[in-house]
**Student:** 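Let me begin by handing over the structure; questions about it come next.
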Amino acid sequence: MGLIDKLLRKYQNDWCRECNCTMEKARKQLFALPGVSVGHYTEHKDPAFYRKSLRIVDKKADIPPGMYACGAIQYRCPECARRVTVLDPFLPVRDEEKHEAGVVFSGGELDDFLWR
């Protein structure tokens, strides 16, 4: 993830880099990462990994203990229609979440997979 994407993710991930207006949350979904457990997380930037690994779940309680989860939010710009998908991998631990570095896809790489 580039420095600009890190800053956007941390401080303002709902800001359109094309036309400088506030983006809207268009979609939100929770996924489990069945192949990724405690001590086995590595950062991935390849959309093929997420296509292969993500499994839709309805709620955090559906994720088995010790398994990573991933929140996905798609932002859409009301001015220029640009879309950005932010993946937020995390490990649910009791009533808390241990978040890893978020991954930003701004080229539509996962749109057809995440929200079929």
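The chain is numbered in sequence order, starting from 1.
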**Student:** Flag yes if Leu54 and Tyr41 sit in one hydrophobic cluster, no otherwise; membership is Ile, Leu, Val, Met, Phe, Trp, Tyr, and two members link when side-chain heavy atoms are under 4.5 Å apart.
**Tutor:** yes
**Student:** Can you tell me how far CE of Met23 sits from CD of Glu79, rounded to the nearest 0.5 angstrom?
**Tutor:** 11.5 Å
**Student:** Give, for atom CD of Glu100 and atom OH of Tyr68, the distance between the pair rounded to the nearest 0.5 Å.
**Tutor:**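 Between Glu100 CD and Tyr68 OH, I get 4.0 Å after rounding to 0.5 Å.
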**Student:** How far apart are the closest heavy atoms of Asp46 and Phe105, and which atoms are they?
**Tutor:**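 Asp46 and Phe105 have their closest heavy atoms at C-CZ, 4.5 Å.
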**Student:** How close do Gly71 and Phe90 get, heavy atom to heavy atom, and via which atoms?
**Tutor:** N-CE2, 3.9 Å
**Student:** Any Lys/Arg nitrogen of Glu109 or Arg51 sitting under 4.0 Å from an Asp/Glu carboxylate oxygen of the other?
**Tutor:** no
**Student:** If you round to the nearest 0.5 Å, how far is CD1 of Ile63 from CG of Leu33?
**Tutor:**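 If we round to the nearest 0.5 Å, Leu33:CG and Ile63:CD1 are 8.5 Å apart.
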**Student:** For Tyr75 and Val86, work out which heavy atoms get closest and say how close.
**Tutor:** CE1-CG2, 3.9 Å
**Student:** Is there a path of hydrophobic side-chain contacts, each under 4.5 Å between heavy atoms of I/L/V/M/F/W/Y residues, joining Val93 to Phe31?
**Tutor:** yes
**Student:** Answer whether the closest heavy-atom distance between the side chains of Pro89 and His99 falls below 4.5 Å.
**Tutor:** no
**Student:** Flag the pair Met67 / Val36 as yes when at least one side-chain heavy-atom distance between them is below 4.5 Å, and no otherwise.
**Tutor:**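 Side-chain contact under 4.5 Å: no.
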**Student:** Would you say Thr85 and Val104 make side-chain contact, with heavy atoms under 4.5 Å?
**Tutor:**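 Thr85 does not reach Val104 side chain to side chain.
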**Student:** Measure the CG-CG distance between Leu87 and Leu110 for me, rounded to the nearest 0.5 Å.
**Tutor:** 6.0 Å
**Student:** Would you compute the distance between atom NZ of Lys28 and atom CD of Gln74 and round it to the nearest 0.5 angstrom?
**Tutor:** 14.0 Å
**Student:** Once rounded to the nearest 0.5 Å, what's the spacing between atom SG of Cys16 and atom CZ of Arg83?
**Tutor:** 13.0 Å
**Student:** Looking at Pro34 and Ala32, what are the two nearest heavy atoms and their distance?
**Tutor:**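 What the structure gives for the nearest pair is CD-O, 3.3 Å.
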**Student:** What are the two closest heavy atoms between Val84 and Ser106, and how far apart are they?
**Tutor:** CG2-CB, 4.1 Å
**Student:** Which pair of heavy atoms, one from Lys45 and one from Val103, lies closest together, and at what distance?
**Tutor:**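 Closest heavy-atom pair between Lys45 and Val103: CA-CG1, 4.4 Å.
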